[in-house]
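Data block below; observations after.
In what follows, every chain begins at residue 1, and chains take the letters A, B, ... in the order their sequences are listed. Side chains are part of it too, since the values below use all heavy atoms of this structure and drop only hydrogens, waters and symmetry mates.
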Amino acid sequence: MSEERSLNFIEEIVEEDLRTGKHNRRVLTRFPPEPNGYLHIGHAKSICLNFGLAQKYGGATNLRFDDTNPVTEDTEYVESIKEDVRWLGFNWANELYASDYFDIIYSFALTLIRKGLAYVDDSTPEEIAAQKGTPTEPGTPSPYRDRSIEENVQLFEEMKDGKYPDGAKVLRAKIDLASPNMHMRDPIMYRIKHAHHHRTGDKWCIYPMYDFAHGQSDSIEEITHSLCTLEFIPHRPLYEWFIEQLEIFPSRQYEFARLNLNYTVMSKRKLLQLVNEGHVEGWDDPRMPTISGLRRRGYTPAAIRDFCERIGVAKRENIIDVSLLEFCIREDLNKTAWRRMAVLDPVKLVITNYPEGQTETLHGENNPEVEGGEGGRDIPFSRELYIEREDFMEVPPKKFFRLGPGLMVRLKHAYIVKCEDFVKDEAGNVTEIQCTYIPESKSGQDTSGINVKGTIHWISVPHAKTAEVRLYDRLFRVEDPANEDGDFKEYLNPDSLQIIQNAYIEDDLTTAVPGKGYQFIRKGYFTLDKHSTPEKLVFNRTVTLKDGWVKK
RNA sequence: UGUCCGAUAGUAUAAGGGUAGUACAACUGAUUUUGGUUCAGUUUGUCUUGGUUCGAAUCCAGGUCGGACAACCA
């Protein structure tokens, strides 16, 4: 009963509001992406926070596209964002767009003009920048700052009516040029852009800026808790100033620290660069920290949600260790992934005392973590097998529990074998390992009394199927590429993708299902890639198994 | 030389005047037909200096360090 997890600071705010009866104890949040790129794991944090908060306190969450800049936005992004949010397991109460409110926001602007709190400014961008002053020096008024209300109304209407070219005029709030907060120094509310909007088409040629759209949209929807990231803290006084002057619903903004992950980059701009310059296959490249990339890589919604829960919510900047993300996906997949065998770097093993031409069918459970194994599959066994090259050492160190001259191992689901000899080519590469097997040691009916420390996986040569296997590693060589000297792309990991053209897999894997995770025993978790076909199977490695083996 | 935000093990995150806890990571050991899983255990922490107090991670003051802010981006 009192076994509750402690609250994060936003939950505390909400509970306090609930306690004091604010907003009739209503909780309405929103997730407000700009449709100008794909969602990444950082957005997942925000999604889980916003939707999770509403779920926990019996509220709801709107999905609202912050589409106030037609030149960078596109419906392609709208669709991918909706797919990602849905895939993560969340349902929005309403699908909304800031552009739905352009008429109301326009009337809000008129209201401020009539109150003498906004004016049309003909200054150039450079002049406006100069007028803002610097953080340590106050700004100076624009020569157009004191136009009459009538003139401002007329000019603003003319802006709307398309009488002026892009950049000729802007609408500015008249606040305080001496404010220590740069955002209060007469911020721009509207700018002219003769651009086609993905939803409103050519209806508008003026578009509101973020600061005069976001808070207004929150207020129109009667959002109770508007959550955003730390960099919007200085915007909050402006957010509240507009609401106060307009006398509209008092939404409140709360800021939390965005998610950073080590060994990757998280800004849309940088991710877009990686895509455009061909460093990755696309937004959904399995090495990308995008939701679509993680999905293609084999991450599950449950694992991502669990991750977002574990990282917490606070106001201090943070860089989360990817090992936590990896822990979350392993924990999920360990319980759900079916076990299969695959040999990625094969070397042949011949069982010299096993009859030539003989085959027998063994059995392996699907998942040992589940009571009863969740069923199983047949595994063909024969005299010649492929095993992993790294599972044999000519001169094994102490505590090497695999094969080497005279050493014994268990073949998973099969017999114990003993290494009697091996063959090398001229170059010194091992080409064949010769073993004898112990017939009484068959898996499940072992009467041999022999105990071996190691168990290895294998594939019967005559029954082997092939597949392409893609092994992924971190995209960058350094923890925080964005903060290194020079271009972040200099720190890309050249070995982030390793393609194995011909891995050997067990026959059963030819019926692998898209979207399902498989554990290749001892090798990691894998899932079918979107480019996989029945003729050419392609598997992505989601994550390796945790490796406790330390070489001495 | 401005304003704002922040500072607790390697990384995150609790403790809201009264035992510094949890997770990941790391390390030991046990179990194991996956060097996986599971289980048991270990190591590592309150930025600093003062003040208030019987008692401070917590409250106050000064400092230090890190971050944000001067797009017709969001």
Side-chain angles (χ1 to χ4, degrees), chain A residues 5-8 12 32-34 36 66-69 71-73 98 121 123-125 128-139 166-172 179-185 188-193 206-207 209-211 213-214 228-237 255 257 262 268-269 307 310-328 330-331 334-335 339 341 364 368-369 399-402 409-414 416 441 443-444 446 451-457 479 519-524 544-550:
Chain A
R5 185 186 113 258
S6 58
L7 304 177
N8 64 49
E12 285 176 2
E34 183 189 10
N36 69 345
D66 228 336
D67 55 351
T68 58
N69 186 0
V71 298
T72 57
E73 296 155 6
D121 193 339
S123 304
T124 64
I128 290 179
Q131 287 159 18
K132 291 226 172 181
T134 70
T136 52
E137 300 161 300
D166 286 9
K169 289 177 166 37
V170 291
L171 182 71
R172 286 228 253 171
S179 171
N181 182 338
M182 300 295 289
H183 296 274
M184 299 300 274
R185 324 243 268 221
I188 294 172
M189 295 162 60
Y190 264 95
R191 76 290 214 190
I192 302 171
K193 274 180 195 277
I206 58 171
Y207 293 92
M209 297 285 291
Y210 168 85
D211 285 307
H214 197 101
C228 61
T229 46
L230 259 26
E231 67 268 29
F232 292 98
I233 289 178
H235 294 248
R236 188 178 351 117
E255 311 86 7
N262 58 9
K268 271 194 225 174
R269 205 191 98 252
F307 173 73
R310 286 169 182 270
I311 57 178
V313 179
K315 294 192 77 154
R316 70 186 87 105
E317 280 134 29
N318 59 83
I319 302 181
I320 307 284
D321 213 311
V322 274
S323 64
L324 181 61
L325 220 208
E326 294 178 344
F327 167 82
C328 292
R330 286 191 188 108
E331 182 165 74
N334 178 49
K335 289 181 297 204
R339 271 58 170 177
M341 292 196 285
E369 298 299 312
K399 295 212 185 156
F400 182 74
F401 305 136
R402 307 179 218 174
V409 286
R410 151 107 32 210
L411 296 170
K412 181 76 181 174
H413 301 308
I416 292 172
S441 66
S443 200
D446 187 346
N451 240 324
V452 292
K453 279 291 249 184
T455 300
I456 64 173
H457 59 282
E479 288 204 34
Q519 186 194 105
F520 291 1
I521 291 173
R522 300 209 304 137
K523 295 271 81 175
T544 60
L545 254 30
K546 195 169 152 192
D547 190 3
W549 163 241
V550 283

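Here V313(A) lies in heavy-atom contact (under 4.0 Å) with sugar-phosphate atoms only. Backbone-only engagement by I319(A) is indicated by non-hydrogen atom pairs under 4.0 Å involving sugar-phosphate atoms exclusively. Among the atoms of the strands shown, base atoms are found under 4.0 Å from some heavy atom of H413(A). Counting any heavy atom pair closer than 4.0 Å across all strands shown, R339(A) reaches a base atom. Residue contacts shown for S123(A) include a base, since a base heavy atom lies under 4.0 Å away. Contacts of G167(A) with the nucleic acid, taken as non-hydrogen atoms under 4.0 Å apart, include base atoms.
Using a cut-off of 4.0 Å between Lys/Arg side-chain N and Asp/Glu carboxylate O, D446(A) and R410(A) are scored as salt-bridged.
Residues D121(A) and Q131(A) share a closest heavy-atom pair of OD2-OE1, 3.8 Å. Between R330(A) and K546(A), the shortest heavy-atom distance links the atoms NE-N, 3.5 Å. The two residues M182(A) and K132(A) come nearest to each other via the heavy atoms CE-O, 3.7 Å.
Atom-to-atom, CG of L325(A) to P of rA25(B) comes out at 12 Å; the value is rounded to the nearest Å. When rounded to the nearest whole Å, the span between CG of N36(A) and C1' of rC73(B) equals 9 Å. Rounded to whole Å, atom P of rU34(B) lies 19 Å from atom CZ of F520(A). One can place CG of N451(A) at 11 Å from P of rU31(B), the figure rounded to the nearest angstrom.
Nearer the 5' end of RNA chain B, as judged by each residue's closest nucleotide, is the contact made by G312(A), out of G312(A) and K523(A). Taking for each of Y210(A) and T134(A) the nucleotide of RNA chain B with the nearest heavy atom, the 5'-most of the two is the partner of T134(A).
Taking atom P on both rG62(B) and rA9(B), the two are 25 Å apart, rounded to the nearest angstrom. The gap from the P atom of rU8(B) to that of rC47(B) amounts to 6 Å, rounded to the nearest Å. Across the C1' atoms, rG36(B) and rU46(B) are found 37 Å apart, a figure rounded to whole Å. To the nearest whole angstrom, the two P atoms, one in rU37(B) and one in rA25(B), are 9 Å apart. Of the P atoms belonging to rG63(B) and rU1(B), the separation is 11 Å, rounded to the nearest Å. Between rU44(B) and rU22(B), the distance separating the two C1' atoms is 15 Å to the nearest Å.
Put simply, R310(A) has no side-chain N or O that comes within less than 4.0 Å of OP1 or OP2 on rU22(B). Look at K132(A) and you won't find any side-chain N or O under 4.0 angstrom from OP1 or OP2 of rC69(B). Applying the 4.0 Å criterion to OP1 and OP2 of rG35(B), one finds that R522(A) has a side-chain N or O inside that range. Proximity of T68(A) to the phosphate of rA74(B): a side-chain N or O atom is located under 4.0 Å from OP1 or OP2.
There is a side-chain donor-acceptor pair under 3.5 Å between T134(A) and E137(A).
Between atom CD1 of residue I206(A) and atom OH of residue Y190(A) there is a gap of 5.5 Å, rounded to the nearest 0.5 Å.
Looking at E369(A), its side chain comes within 3.5 Å of the base of rG36(B) through a donor and an acceptor atom. Residue H235(A) places a side-chain atom within donor-acceptor reach of the base of rA74(B), judged by atom type and a 3.5 Å distance cut-off alone. Side-chain to base pairing of R402(A) with rG35(B): one donor and one acceptor N or O lie within less than 3.5 Å of each other. For Q519(A) and rU34(B), a side-chain-to-base donor-acceptor distance below 3.5 Å is present, hydrogens and geometry of angles not being considered. Contact annotation: side chain of R410(A) to base of rU33(B), donor-acceptor pair present below 3.5 Å.
Taking the six-membered ring where tryptophan is involved, the planes of H235(A) and H183(A) are tilted, since the angle between them lies from 30° to 60°.
Under the side-chain hydrogen bond (donor to acceptor under 3.5 Å, both in side chains) rule, N36(A) has a single partner from R269(A), K268(A), E73(A), which is K268(A).
N262(A) places a side-chain N or O within 3.5 Å of a backbone atom of V322(A) that can act as its donor or acceptor partner. Within the 3.5 Å criterion, the main-chain N or O of P33(A) finds no donor-acceptor partner in the side chain of D66(A). Of the possible polar contacts, one joining the S441(A) side chain to the I416(A) backbone as a donor-acceptor pair under 3.5 Å is found.
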Close N/O contacts between protein and nucleotides 2-5 of chain B (under 3.5 Å):
unit_1 : atom_1 : unit_2  : atom_2 : d
rG2(B) : N3     : P135(A) : O      : 3.3

### Summary
Under the rule of Watson-Crick or G-U wobble with both distances under 3.5 Å, where | means paired to another strand and [ ] a crossing pair, RNA chain B maps to .((((((..((((....[..)))).(((((.......)))))....(((((..]....))))))))))).....

